[in-house]
Amino acid sequence: MTAGKLDFSKGTRVVYPNQGVCRVVGQVEMTIGGQKATFLKLVRENDDGTVMIPLAKLQDVGVRRVADEKEIAQLFKQLSAPDLGPDLNWKTRHKSHGERMAEGGVFAMADVVKELAALSDLRPLPIKERELYDNARHLLVSEIAAALGIPETSAEDAIDFALFPPGVERKKLAALLLEELAGLDDGDLDLDEALLEGADTLDGLDDGDGDGASAEEGEGEDLAEVDDEAPKSKPKSSKLSAKPEASAKKAAASKKPSKSKSTPKAKAAATETKPAKKAPAKPAKKAVAKEASTTSAAAKPAAATKAKKAASKKEKSS
Amino acid sequence: MIRLVTIEELPPAQTARLCACLYQAYGIGCEPSPADLLPRLPAKGPIDAVAFLEQADCAEALDDDKVVFVTSRPLAARDLPSGKVPTQSMALVPQGRAIVTTHGLPNGDPDRFLKRLAKLAVHEVGRLWGLHHCLDVRCALYPPWSPPFTTAEQPQLCAFCRDKSDEKIRMAKS
Ligand SMILES: [Zn+2]
């Protein structure tokens with residue numbers, strides 16, 4: 001999917017990483033700083049904003065065609081597949097998500113959405129990740145809608161029908177998983193303090209800030225009663241650095257989602273967990289886990305995969 | 001302004017409460033409007049929500065108004081790449097129109113019935129303002145077929161969605 005093979009005739013739809021689906025307006029000659037250059041003029045479909053890209057830089061910025069139906073079918077397989085759980089180390093997670101967003105591939109965006117949805121099963125997302133989730137979701141929705149010629153609301157329903165299957169309560173799956181892991185030592189698990197705090201409130205779904213030893217930036221969400229006053233602080237948009245250099249490493253990352261859980265950094269983070277935090281989580285988790293065990297069988301592979309992972313870790317460490 | 005168009009008759013008290021819920025959620029006025037520009041509906045069977053919303057209109061609606069149609073007829077499930085998605089409500093953003101159905105709502109308890117109906121309407125109006133599905137199980141923007149949507153019945157927005165909708169409404173006004 002290189003820029004060289006792209007059709008840039010007027011009206012063609014293309015995807016500009018991190019900006020979304022755009023429509024080609026045409027080529028424009030401009031002189032900037034005494035240098036004459038030809039630019040490709042695009043209009044973002046989302047907000048009618050104009051984007052100008054020097055023709056010589058098209059490949060570098062990663063402008064690509066809209067995914068085709070075959071790729072979208074593959075994408076939904078990826079979204080429906082049991083996930084291996086989120087990367088619990090926020091540093092590697094932020095880095096990986098930033099790279100995937102900059103790369104802008106449709107599979108990479110789906111990875112970000114899926115991983116953050118899985119993370120939110122365990123704890124409320126910090127505000128920056130919540131914004132990132134919304135941005136990635138927006139880009140994914142608009143590309144699927146453009147690729148299939150369906151309304152954006154239908155494209156989003158299709159995504160969430162895969163991520164939130166009917167009859168399955170995602171947060172209960174997380175509780176089931178934590179219950180299965182309850183017999184293991186904390187040192188064996190990749191649970192940071194923020195996660196454990198989130199787990200404490202899985203049943204009550206307390207939206208308080210889960211910040212802990214990981215020093216993760218952000219805050220939880222409070223549910224506003226419809227007649228409450230609006231919250232004082234507004235979430236700020238996450239500004240992702242959309243660096244043009246699409247290295248071979250990034251290309252590889254889009255084909256094979258990088259799970260950094262086993263990196264030395266992730267291991268180091270795991271040693272920061274505080275066992276004392278775990279005790280109060282148990283009663284709430286048990287109650288939820290019982291209900292979760294009665295949910296659809298389709299729900300179980302994800303939890304089972306994760307439990308297996310944790311069990312194998314325990315074996316290794318013992 | 002949000003225009004509420006009831007395709008079949010809804011008790012006036014329920015229409016008024018539904019308008020009040022939408023006003024509370026988004027801080028913009030909501031008024032009932034007559035069902036005067038509807039496409040011909042099939043004599044029986046479910047309504048195709050997308051086809052309906054592409055054609056239906058409301059004579060009183062101005063360009064930036066959001067129109068919510070309420071029907072008691074079932075809406076047809078949609079065939080999407082991830083499966084056949086049950087449809088209790090639907091919105092078409094470019095047209096600024098949404099439809100919700102009371103079909104399948106618990107009608108034994110008027111209070112529960114209204115809360116569930118209001119939650120669907122708040123959900124779809126949120127999408128008309130460009131909001132996406134939310135991760136907060138108690139938020140009205142949570143995927144509507146997923147269990148927490150029906151068990152947590154309050155038609156509320158989480159702080160994130162509320163901020164987002166405030167921002168979008170402010171931008172639309174400016
Ligand atoms: Zn929300």
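Labels below follow one simple rule: chain letters A, B, ... track the order of the sequence lines, proteins then strands, and each chain is numbered from 1.
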*Asks:* Quick one: what part of A:Phe76 sits under 4.5 Å from any heavy atom of chain B, side chain, backbone, both or neither?
*Replies:* side chain

*Asks:* For B:Trp145 and A:Phe164, which heavy atoms make the closest approach, and how far apart are they?
*Replies:*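 Smallest heavy-atom distance, with atoms named: NE1-O, 2.8 Å.
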
*Asks:* Quick one about A:Asp160 and B:His133 (side-chain donor to acceptor, distance below 3.5 Å, no hydrogens or angles considered), yes or no?
*Replies:* yes

*Asks:* Under a 4.5 Å cutoff for heavy-atom pairs, which residue among B:Ala91, B:Gly130, B:Ala49, B:Gly27 has the most contacts with chain A?
*Replies:*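 Highest number of heavy-atom pairs under 4.5 Å: B:Ala91.
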
*Asks:* Using a strict 4.0 Å threshold on nitrogen-to-oxygen distance, state whether B:Arg127 and A:Glu152 make a salt bridge.
*Replies:*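 No, no charged N to carboxylate O under 4.0 Å.
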
*Asks:* Counting neighbours of OH on B:Tyr23 that are heavy atoms of other residues, nucleotides or ligands and sit closer than 6.0 Å, is the number greater than 12?
*Replies:*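 Not buried by this count: 12 neighbours or fewer within 6.0 Å.
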
*Asks:* How long is the gap from CZ on A:Arg137 to SG on B:Cys134, to the nearest 0.5 Å?
*Replies:*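 Reported to 0.5 Å precision, the distance equals 9.0 Å.
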
*Asks:* Where on A:Leu75 is there a heavy atom nearer than 4.5 Å to chain B: the side chain, the backbone, both, or neither?
*Replies:*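 Neither the backbone nor the side chain of A:Leu75 comes within 4.5 Å of chain B.
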
*Asks:* Looking at CZ of B:Phe160 and OH of A:Tyr133, how far apart are the two atoms once the value is rounded to the nearest 0.5 Å?
*Replies:* 10.0 Å

*Asks:* Do side-chain atoms of B:Ser82 reach the backbone of A:Ala158 as a donor and acceptor pair under 3.5 angstrom?
*Replies:*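 A pair under 3.5 Å: yes.
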
*Asks:* With a 6.0 Å cut-off (strictly less than), is the heavy-atom count around CE of B:Met1, excluding the residue itself, greater than 12?
*Replies:*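 Buried by this count: over 12 neighbours within 6.0 Å.
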
*Asks:* Rounded to the nearest 0.5 Å, how far apart are SG of B:Cys161 and CG of A:Asp134?
*Replies:*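 It is 7.5 Å, given to the nearest 0.5 Å.
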
*Asks:* Measure the OG-CG distance between A:Ser154 and B:Leu92 for me, rounded to the nearest 0.5 Å.
*Replies:*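 A:Ser154 OG to B:Leu92 CG: 7.5 Å, rounded to 0.5 Å.
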
*Asks:* Could you check whether atom CD of A:Glu69 has more than 12 heavy atoms from other residues, nucleotides or ligands sitting under 6.0 Å from it?
*Replies:*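 Incorrect, the count does not exceed 12.
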
*Asks:* Please report the shortest heavy-atom distance between B:Leu131 and A:Glu156, naming the atom on each side.
*Replies:*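 That would be O-OE1, 4.4 Å.
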
*Asks:* Rounded to the nearest 0.5 Å, what separates atom CG in B:Asp163 from atom CD in A:Glu131?
*Replies:*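 The distance works out to 9.0 Å.
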
*Asks:* As an exercise, state the distance from CD1 of A:Ile150 to CG of B:Leu80, rounded to the nearest 0.5 Å.
*Replies:* 5.5 Å

*Asks:* With only heavy atoms counted, which part of A:Ala117 is less than 4.5 Å from chain B, the side chain, the backbone, both or neither?
*Replies:*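 Both backbone and side chain.
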
*Asks:* Let me know if B:Val50 has heavy atoms under 4.5 Å from chain A in its side chain, its backbone, both or neither.
*Replies:* side chain

*Asks:* Are there over 12 heavy-atom neighbours, none belonging to B:Glu8, within less than 6.0 Å of that residue's CD?
*Replies:* yes

